[in-house]
Amino acid sequence: MSDIKVAIKDLYKIFGSNPASMIEKVKNGISKTDLLENFGHVLGLDNVNIEVKKSQLQVIMGLSGSGKSTLIRHINRLIEPTAGSILVDGENILSMSQADLRNFRRSKASMVFQKFGLLPHRKVIENVSYGLTIQGINKQEAFEKSNQWIESVGLSGFENHYPAQLSGGMQQRVGLARALATDADILLMDEAFSALDPLIRSDMQDVLLSLQEKLHKTIIFITHDLDEALKLGDNIAILRDGAVIQSGTAENIILHPADDYVTDFIKDINKARVLKVSSVMTNKDSVQGPEIQDTVIIEDALQIVSQSGSNGAVIVKDGKKIGTVSLADMIMAIARSTKNTDSDTVYR
Amino acid sequence: MSLFAEFPKMGRAELRDFKKGIDESFKDFTRDYGEAIEHFFDPLLYFLVWLERLFLNSPWPIVMTAIAILVYFGSRSLKLTFGAILAFLVIGYLDMWEDTMATLAIISVATIVCISVGIPIGILMARSNRAQTLITPILDVMQTIPSFVYLIPVVMLLGIGKVPGLLAVCIYAIPPIVRLTNLGIRLVDKDVMEASEAFGASYSQKLLGVQIPLALPNIFAGVNQTIMMALSMVVIASMIGVKGLGVPVLRAISNQYLALGVMNGLAIVVLAILFDRVSQKFGKRLQAHTESMK
């Protein structure tokens with residue numbers, strides 16, 4: 001229990017003139033369209049339950065309009081929910097006073113934004129130290145701390161530039177450094193890399209992953225990009241029309257998609273890059289080959305096996321053999337599935 | 001049938017009593033509170049008189065140098081500085097120095113009053129929609145009502161003199177700074193505000209650290225407009241006893257002195273242009289850093 005950092009429980013958000021009066025209808029299962037057409041209210045979040053473990057990178061993914069940006073703003077209460085609770089370290093965010101909430105935002109949860117949200121009239125160093133100066137830390141100390149973060153996101157030398165003088169990727173590095181500088185345990189990232197072009201995005205994902213290896217923050221990362229979700233997420237929750245339709249590890253989602261929507265979603269991704277050999281492991285003694293770790297992804301395993309000329313590989317964990325994997329099984333696993341790929345299906 | 005032929009109106013006697021009632025009650029109010037209100041404005045009067053004396057009693061080369069320095073530091077433009085010196089030399093040579101100094105004094109004080117009252121009102125309007133819906137029509141009235149109309153109660157209350165003149169100028173000149181402060185704050189990028197909120201900024205930290213700095217270009221446009229409108233009130237203010245360039249203009253109107261009217265009118269124009277250019281350049285310099293290197 002104690003390793004749960006953020007727990008979102010039975011969270012509902014309804015937009016409209018009188019959301020409280022609609023909550024019963026929503027709980028009784030009225031559809032989003034019905035609610036809008038007959039009562040003029042918009043269902044933003046529908047009974048969301050997510051538990052984020054400490055030091056995990058939780059991805060929440062969904063298409064536009066699925067409620068993911070609404071959801072992340074509930075965690076630091078930029079948006080008030082209609083019903084439900086949000087526990088951070090066991091404490092309910094929703095029962096906090098304004099002053100407590102400000103303290104929470106200052107020291108416990110920091111945020112990175114899709115459109116960066118940098119202060120255009122302040123230099124990079126002043127932007128990075130913004131969270132610290134809000135806390136009342138004196139300028140010199142704040143600048144010293146900030147300099148380390150500027151260095152760790154690779155922006156040394158740009159301290160005295162203004163945001164408008166930087167490229168998009170560099171601006172988001174400033175945004176990331178600003179969020180890290182407050183030493184908050186929780187990092188909320190709202191489509192943080194979506195506004196960047198693909199190369200820079202991939203670059204920033206690597207920056208984030210390498211920082212996470214050292215920092216072990218609890219990160220909640222919003223994205224609409226499945227490849228990004230699979231690359232970053234320890235755990236992924238898929239959101240549709242405000243409801244979580246599947247939650248699990250990347251492998252889990254790819255191997256056992258919960259419904260047609262998810263199946264359709266994942267059909268175009270490169271499974272070889274996501275699935276680990278352990279997920280297609282069997283115990284056939286007929287398979288011989290080089291030893292590989294259980295956490296190796298199939299893409300790498302295929303290369304090793306084909307170079308060795310054998311018909312498969314032996315999987316080891318902690319130096320002990322735990323199973324085998326055949327070449328054929330690996331190829332089957334990454335082959336594009338033929339069922340449920342009706343391309344005429346249209347999802348809103 | 002008579003209802004269609006003639007507009008139904010109040011009886012002559014009732015209407016007279018109605019108007020008289022309002023006049024009487026305002027006169028009573030004046031008698032009771034006039035003195036207190038006058039005293040309330042005393043500090044303003046002292047300041048205005050002090051500033052006017054400072055301008056008038058200092059030797060003209062010193063005033064000229066001070067103006068030149070202010071213009072230069074406001075605009076960082078040598079061209080504008082020399083233009084200002086030349087303009088003031090001509091004004092002095094044509095014997096308008098004293099009136100110009102008096103006008104300069106009242107415009108300075110009016111601007112200070114408008115800024116220190118107008119910006120907080122603008123901030124209040126930006127913070128609360130109710131305040132905005134309440135204040136906006138008042139500003140509309142202040143800008144459109146003929147100045148002579150509000151001169152009547154002001155003169156009844158405070159008599160003839162500098163303070164009522166100053167009030168009349170401020171009533172006319174304050175709306176732009178209020179409006180543009182409100183607008184500027186409301187136009188601040190929502191994403192930046194959200195970021196500030198997400199980092200736990202308090203109201204004053206948001207206001208002073210984000211909203212005001214980012215609204216400065218608009219606020220400055222408001223200051224600029226306020227100064228221009230204050231200058232355009234100089235002639236009307238002179239009708240109720242404010243010294244300055246308006247007095248000779250007024251004399252020129254009643255006596256048909258063409259040259260006198262045009263000269264003093266142009267002196268007002270010169271002041272207006274100077275204020276405008278300097279405050280615009282200053283405003284631009286304040287926000288230069290937000291622009292990217294092009």
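Here is the naming used below: chain letters follow the sequence lines, and residue numbers restart at 1 for every chain.
Within a 6.0 Å radius of CD in A:E80, more than 12 heavy atoms belonging to other residues, nucleotides or ligands are found. Counting non-hydrogen atoms of other residues, nucleotides and ligands closer than 6.0 Å to CG of B:L78 gives a total above 12. Shown here is A:K217, whose NZ atom has more than 12 heavy atoms of other residues, nucleotides or ligands within 6.0 Å. Within a 6.0 Å radius of OH in B:Y46, no more than 12 heavy atoms belonging to other residues, nucleotides or ligands are found. Heavy-atom neighbours of B:R186 CZ from other residues, nucleotides or ligands within 6.0 Å: above the threshold of 12.
Within residues 190-200 of chain B, the residues having any heavy atom closer than 4.5 Å to a heavy atom of chain A are B:D191, B:V192, B:E194, B:A195, B:S196, B:E197, B:A198, B:F199, B:G200, listed by residue number. Listed in order of number, the residues of residues 111-124 of chain B that approach chain A to under 4.5 Å between heavy atoms amount to none.
Listed for the A:H121 side chain is no donor-acceptor partner under 3.5 Å among the backbone atoms of B:V210.
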Inset, instruction - For the pair B:S202 and A:R106, evaluate side chain to side chain contact (heavy atoms under 4.5 Å, CB included) and give the outcome as yes or no after the intermediate values. - result: CA-CA 10 Å; B:S202 63; A:R106 285 176 189 182; 4.2 Å; yes

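For chain B, the option among A:L101, A:L78, A:V112 with the highest count of heavy-atom pairs below 4.5 Å is A:L78.
Only the backbone of A:A109 comes within contact range of chain B, judged by heavy atoms closer than 4.5 Å. Residue contact with chain B, scored on non-hydrogen atoms closer than 4.5 Å, involves the backbone of A:L118 exclusively. If you measure heavy-atom distances from A:R73 to chain B, the contacts under 4.5 Å come from the side chain alone.
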